Amino acid sequence: MKIAILALQGAFEEHRQMLLKLGVESFLIRNLSDYQQPKDGLIIPGGESTTILKLLKDLSIYDLLKKDIENGLPVFGTCAGLIMLDSNHLDTMDIVVKRNAYGRQLGSFYCEGEFLGIDNKIPMTFIRAPYIVSAKENVKVLSVVDGKIVAALQGKQLVTAFHPELNEDTRVHEYFLSIVSA
Amino acid sequence: MEDRFTLNKNLAQMLKGGVIMDVTTPEQAKIAEQAGACAVMALEKIPADIRGAGGVARMSDPKMIKSIQNAVSIPVMAKCRIGHFVEAQILEAIEIDYIDESEVLTPADDIYHIDKRKFKVPFVCGAKDLGEALRRINEGASMIRTKGEPGTGDIIQAVRHMRLIQSEIRRITSLSEDELYEAAKALKVPFDLINFVHQNGKLPVVNFAAGGVATPADAALMMQLGAEGVFVGSGIFKSGNPEKRAQAIVKAVTNYDNPKIIAELSEDLGGAMVGINEEEIKLLMAERGK
């Protein structure tokens with residue numbers, strides 16, 4: 001199994017470390033020729049969604065990525081990565097997302113919450129985070145914190161509004177890998 | 001509960017691989033955001049003009065900072081004077097995303113930096129060497145940047161600081177454990193921070209390059225030297241074509257190790273900022289705060 005990590009901007013190294021810990025091979029995508037390498041799944045990390053979107057388009061990756069996800073490429077988006085898959089961006093998930101939904105940095109927070117399919121609570125770090133305002137019925141809600149949807153699954157697309165890559169707990173990444181190998 | 005310091009370090013992690021641009025108006029902020037900046041630094045005058053104007057440089061008008069906060073969705077940073085904790089309190093009150101306790105402004109205190117642990121909002125501070133970086137982190141800074149000479153368009157100082165910090169980190173990594181106490185004493189920093197560097201081979205917070213970045217090649221140079229991202233101050237809005245240059249620098253930071261891409265990006269950018277070299281400077285801002 002080989003997982004690609006979109007490394008245009010943001011916390012991609014943290015995802016790489018997570019996969020390393022799990023003994024999974026990965027590579028970074030910084031441009032089109034990186035993108036064209038074979039991969040079994042893709043992670044879109046946290047960072048600034050405006051920056052990542054701009055670079056995806058300018059580097060001619062955007063349309064290919066959209067097509068690949070629609071053709072079943074497993075993808076895991078955290079924070080900005082979640083925003084990238086919503087109805088206003090790549091539009092591969094039937095979700096409407098609110099950006100900076102908790103306000104500025106003073107609104108960033110940490111908590112522990114339930115995650116459907118994972119036993120016991122998991123650590124959740126929200127940094128200037130978005131949340132999912134609404135999701136169509138084909139979207140499976142995996143986690144709700146304070147009444148807001150913060151993790152969801154649609155087909156082979158997994159998204160979290162929080163950053164599992166910032167904590168030691170590897171279970172959300174393992175959850176994604178189980179989707180990749182399914 | 002995870003503490004604010006961790007959350008603030010985490011925000012800096014999200015900025016990695018990105019470019020933070022100095023802006024003085026909402027219009028410039030929008031240009032920066034559309035060019036792919038991962039954050040903007042709101043200030044009344046860019047460093048080149050602060051240098052030109054002379055006199056005392058202070059925190060910007062909060063109204064002007066708020067107008068930039070309202071103009072963009074990316075994080076907004078602002079500068080306060082070294083040691084001026086009330087300016088920092090004001091910036092926290094308007095919910096700034098990051099405070100830069102900056103040598104670009106005229107220092108308010110020649111002995112004490114701000115006790116940054118008392119604040120909920122994050123701080124970034126400049127450092128010329130490892131000791132300075134770790135002292136700032138000990139005071140509560142959750143992000144570090146080099147103190148390259150601002151407003152000059154001359155990269156030499158940023159290079160010097162980044163090389164020195166990286167080489168000191170390598171030296172600490174190679175020490176035996178019983179030598180770490182002496183290293184902590186020599187660098188005037190707590191043992192725990194030295195021990196972290198020894199075990200991890202890096203700073204405990206994100207480290208950006210700042211000061212003198214004027215071209216895509218400058219930005220890529222700093223990244224290859226170990227910076228995790230880049231601040232660009234005067235380099236963009238003092239140049240011939242800010243929009244194009246801003247985009248090129250953003251892309252150069254992403255593909256910093258790909259000379260072919262950087263060559264393409266470097267074409268036809270119009271005039272870079274004129275710049276002054278370090279021998280021509282009367283005021284060395286990097287010497288402010290140790």
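Side-chain atoms are counted along with the backbone in the values below, which use heavy atoms only and exclude waters and symmetry mates. Protein chains get the first letters and strands the later ones, always in sequence-line order, with residue 1 at the start of each. Owing to the predicted nature of the structure, the values given are computational and were not obtained by experimental measurement.
Using modelled atom types and a 3.5 Å distance limit, the side chains of B/K120 and A/Q105 yield no donor-acceptor pair.
Enclosure of atom NZ in B/K202 is not indicated, since only 12 or fewer non-hydrogen atoms of other residues, nucleotides or ligands lie within 6.0 angstrom. Counting heavy atoms of neighbouring residues, nucleotides and ligands inside a 6.0 Å radius, atom NZ of A/K21 exceeds 12 of them. The environment of A/Y175 atom OH is dense: over 12 non-hydrogen atoms of other residues, nucleotides or ligands sit within 6.0 angstrom. By the neighbour-count criterion of 12 heavy atoms within 6.0 Å, atom CD of A/E168 is sparsely surrounded, having that number or fewer from other residues, nucleotides or ligands. More than 12 non-hydrogen atoms from other residues, nucleotides or ligands lie less than 6.0 angstrom from CG of A/N71. Enclosure of atom NZ in B/K66 is not indicated, since only 12 or fewer non-hydrogen atoms of other residues, nucleotides or ligands lie within 6.0 angstrom.
The heavy-atom pair separating B/T254 from A/L8 by the smallest distance is OG1-O, 2.7 Å.
Between the OH atom in A/Y110 and the CG atom in B/N10 there is a gap of 10.5 Å [rounded to 0.5 Å]. Distance CD1/B/I261 to CG/A/N31: 4.0 Å, rounded to 0.5 Å. Separation of atoms CD1 (A/I127) and CG (B/L7) is listed at 5.0 Å; rounding is to 0.5 Å. To the nearest 0.5 angstrom, B/I74 atom CD1 is 8.5 Å from A/R99 atom CZ.
The backbone N or O of B/N255 lies less than 3.5 Å from no partner atom in the side chain of A/R30, so there is not a single donor-acceptor pair. No donor-acceptor pair under 3.5 Å is formed between the side chain of A/T50 and the backbone N or O of B/E33. A donor-acceptor contact shorter than 3.5 Å is absent between the side chain of B/D97 and the backbone of A/R104.
Between B/S73 and A/N100 the shortest side-chain heavy-atom distance falls below 4.5 Å.
Under the side-chain contact (heavy atoms from CB on, under 4.5 Å) rule, B/M14 has a single partner from A/R128, A/H163, A/E48, which is A/H163. Here the options are A/E14, A/Q9, A/E13, the test is side-chain hydrogen bond (donor to acceptor under 3.5 Å, both in side chains), and the partner is B/K16; only A/E14 passes.
Between chain A and the options B/P75, B/G17, B/A37, the largest number of non-hydrogen pairs under 4.5 Å is found for B/P75. Annotation: maximal heavy-atom pairing with chain A below 4.5 Å, among B/K251, B/Q69, B/K9, occurs at B/Q69.
Neither the backbone nor the side chain of A/I52 comes within less than 4.5 Å of any heavy atom in chain B. Using a 4.5 Å cut-off between heavy atoms, A/A7 contacts chain B through its backbone alone, with no side-chain atom that close. Heavy atoms closer than 4.5 Å to chain A are found nowhere in B/E228, neither backbone nor side chain.
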